[in-house]
Amino acid sequence: MDLLKNYYSIHSTTHNDIKNLIKSGNYERIVLDLMNASKTIFPSHYIHQDSQAHGECDFVDAVTGEKFDAKIPINKRQGKIIGSRKGDVSALTAELHREALEFQHCFLGDQKKPIRELNLFKKMRDNIGKTKLDENVIFFIPYPIVFDFENFPLIGACDLLKKIYLELAISIDISEKHLYAIYISYDKKMVLRDLETDKREYLQLPEMQHYVDYNIKHIELD
């Protein structure tokens with residue numbers, strides 16, 4: 001692909017059903033389905049912990065007993081935006097979009113600010129703090145958080161999630177944990193990503209289009 005001769009126009013629609021995805025905990029089932037469909041990032045078989053009365057993790061490896069906890073990185077205030085009876089999907093979507101754009105301010109002259117001041121970094125750090133030392137963390141992000149296509153030439157670039165992981169590694173003790181992210185690529189696939197190694201796997205999940213849908217128009221420039 002010649003990047004100078006190609007342009008992608010991206011239009012997104014966040015559907016009202018995303019409220020139920022977040023509020024009901026249904027995203028845990030989606031995460032589990034993706035883990036068990038995975039061949040590389042999650043190569044084993046995983047089961048859901050139905051009883052979590054004492055703070056047990058969400059999933060365990062059926063063979064090794066390794067523990068995993070799924071988190072959607074939204075804070076209490078954002079939870080209230082989406083969690084009320086008239087949950088404001090558009091307001092939450094706009095706010096999360098602004099958070100993704102915050103990344104550019106880490107590199108802009110006088111406006112430059114550290115990664116640790118990003119809202120997404122703070123939420124991910126706080127999510128990790130709510131898990132036990134032996135629990136791995138899977139961040140489920142139901143929107144495209146980085147510019148990601150399968151087999152895209154710039155896939156190895158150091159993006160927002162990579163920068164956040166590197167800052168987490170020096171800010172808190174994650175030596176006993178593996179951190180993962182699951183999010184939507186711009187070509188409508190679910191990205192399963194090991195944040196330490198940056199290894200990624202792309203899986204089809206048409207169900208996600210009930211919650212967030214993306215129309216990609218490819219334009220080749222003369």
Side-chain angles (χ1 to χ4, degrees), residues 8 10 12 14 18-19 21-23 27 31 41 68-83 87-133 135-149 152 154-186 189-200 208 211-212 214:
Y8 290 90
I10 302 167
S12 66
T14 304
I18 201 168
K19 291 190 298 185
L21 177 71
I22 295 173
K23 290 165 59 177
Y27 71 91
V31 170
I41 302 300
F68 300 81
D69 212 46
K71 301 288 187 184
I72 294 183
I74 58 176
N75 57 32
K76 288 184 179 180
R77 186 180 60 78
Q78 292 169 341
K80 289 180 180 179
I81 291 175
I82 197 70
D88 192 338
V89 172
S90 61
L92 179 64
T93 302
E95 185 162 317
L96 296 178
H97 179 64
R98 284 194 298 270
E99 286 186 4
L101 293 178
E102 276 188 318
F103 184 47
Q104 65 184 321
H105 295 299
C106 297
F107 307 98
L108 293 178
D110 295 338
Q111 301 181 51
K112 185 182 293 186
K113 63 180 180 180
I115 293 290
R116 62 179 177 273
E117 291 185 10
L118 298 180
N119 286 323
L120 183 59
F121 169 83
K122 294 175 183 177
K123 290 187 294 184
M124 291 173 69
R125 178 197 61 199
D126 292 345
N127 285 156
I128 293 170
K130 295 175 183 177
T131 62
K132 298 175 183 177
L133 290 176
E135 293 175 354
N136 303 312
V137 183
I138 304 170
F139 293 103
F140 181 73
I141 306 171
Y143 57 95
I145 189 63
V146 298
F147 191 67
D148 205 332
F149 287 83
F152 191 68
L154 297 182
I155 213 66
C158 197
D159 59 25
L160 171 61
L161 289 177
K162 185 64 175 180
K163 285 286 191 180
I164 286 179
Y165 176 83
L166 294 173
E167 187 66 30
L168 287 169
I170 62 176
S171 300
I172 58 176
D173 183 7
I174 56 173
S175 59
E176 300 299 320
K177 295 178 179 293
H178 293 289
L179 304 184
Y180 304 89
I182 294 178
Y183 56 92
I184 306 169
S185 70
Y186 280 115
K189 297 182 177 69
M190 299 303 295
V191 187
L192 282 61
R193 178 170 168 180
D194 183 324
L195 292 181
E196 180 179 4
T197 65
D198 217 33
K199 188 175 183 178
R200 310 178 200 196
M208 280 303 297
Y211 308 108
V212 181
Y214 286 81

Trainee: Using a strict 4.0 Å threshold on nitrogen-to-oxygen distance, state whether Asp194 and Arg200 make a salt bridge.
Mentor: no
Trainee: Check whether any side-chain heavy atom of Tyr183 sits under 4.5 Å from a side-chain heavy atom of Leu161, and report yes or no.
Mentor: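 Yes; the side chains approach each other to less than 4.5 Å.
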Trainee: Hey, what do you get for CD1 (Ile182) to CE (Met190), rounding to the nearest 0.5 Å?
Mentor: 6.5 Å
Trainee: Would you compute the distance between atom CG of Leu192 and atom NZ of Lys199 and round it to the nearest 0.5 angstrom?
Mentor: 12.0 Å
Trainee: Can you list everything that forms a ring-ring contact (aromatic ring centres under 6.0 Å, His included) with Tyr180? Sequence neighbours excluded, please.
Mentor: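 Expected list: Phe42.
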Trainee: Can you name the side chain to side chain contact (heavy atoms under 4.5 Å, CB included) partners of Asp126, sequence neighbours left out?
Mentor: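 For Asp126, no residue satisfies side chain to side chain contact (heavy atoms under 4.5 Å, CB included) once neighbours in sequence are set aside.
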Trainee: Looking at CD1 of Ile74 and CD1 of Ile141, how far apart are the two atoms once the value is rounded to the nearest 0.5 Å?
Mentor: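 Rounded to the nearest 0.5 Å, the CD1-CD1 separation comes out at 11.5 Å.
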Trainee: Please report the interatomic distance CD1(Ile172) to NZ(Lys177), rounded to the nearest 0.5 Å.
Mentor: 8.5 Å
Trainee: Pair Val146, Arg193 - check side-chain contact (heavy atoms from CB on, under 4.5 Å), show working.
Mentor: CA-CA 12 Å; Val146 298; Arg193 178 170 168 180; 3.9 Å; yes
Trainee: Kindly write out the residues that satisfy side chain to side chain donor-acceptor pair (under 3.5 Å) with Lys123, not counting sequence neighbours, or none if the list is empty.
Mentor: Gln78, Glu99
Trainee: When rounded to the nearest 0.5 angstrom, what distance separates OG in Ser171 from CD1 in Ile164?
Mentor: 11.0 Å
Trainee: Which distance, rounded to the nearest 0.5 Å, do you find between the CG of Asn127 and the CG of Leu168?
Mentor: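 Answer rounded to 0.5 Å: 10.5 Å.
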Trainee: Considering non-hydrogen atoms only, spot the tightest contact between Ile174 and Ala169 and give its length.
Mentor: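 The answer is CD1-CA, 3.7 Å.
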Trainee: When you look at NZ of Lys163, are more than 12 heavy atoms from neighbouring residues, nucleotides or ligands closer to it than 6.0 Å?
Mentor: no
Trainee: Please enumerate all residues that pass side chain to side chain contact (heavy atoms under 4.5 Å, CB included) together with Ser175, with sequence neighbours excluded.
Mentor: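 Counting only residues at least two positions away or on another chain, Ser175 forms a side chain to side chain contact (heavy atoms under 4.5 Å, CB included) with Asp173.
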Trainee: Mind checking side chain to side chain contact (heavy atoms under 4.5 Å, CB included) for Asp69 and listing every partner two or more places apart, or none if nothing turns up?
Mentor: Cys57, Asp58, Lys71, Thr131, Glu135
Trainee: For residues Asp198 and Tyr165, is any side-chain donor paired with an opposing acceptor at under 3.5 Å?
Mentor: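 Their side chains do not contain a donor-acceptor pair, so the 3.5 Å distance test is not met.
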Trainee: Going by atom type alone, with no hydrogens or angles, which donor-acceptor pairs under 3.5 Å involve a side-chain atom of residues 115-122 and a protein atom two or more places apart or on another chain?
Mentor:
residue : atom : partner : partner atom : Å
Asn119  : ND2  : Glu102  : OE2          : 3.4

Trainee: Step by step, would you call Ile128 with Leu179 a side-chain contact (heavy atoms from CB on, under 4.5 Å)?
Mentor: CA-CA 9 Å; Ile128 293 170; Leu179 304 184; 3.8 Å; yes
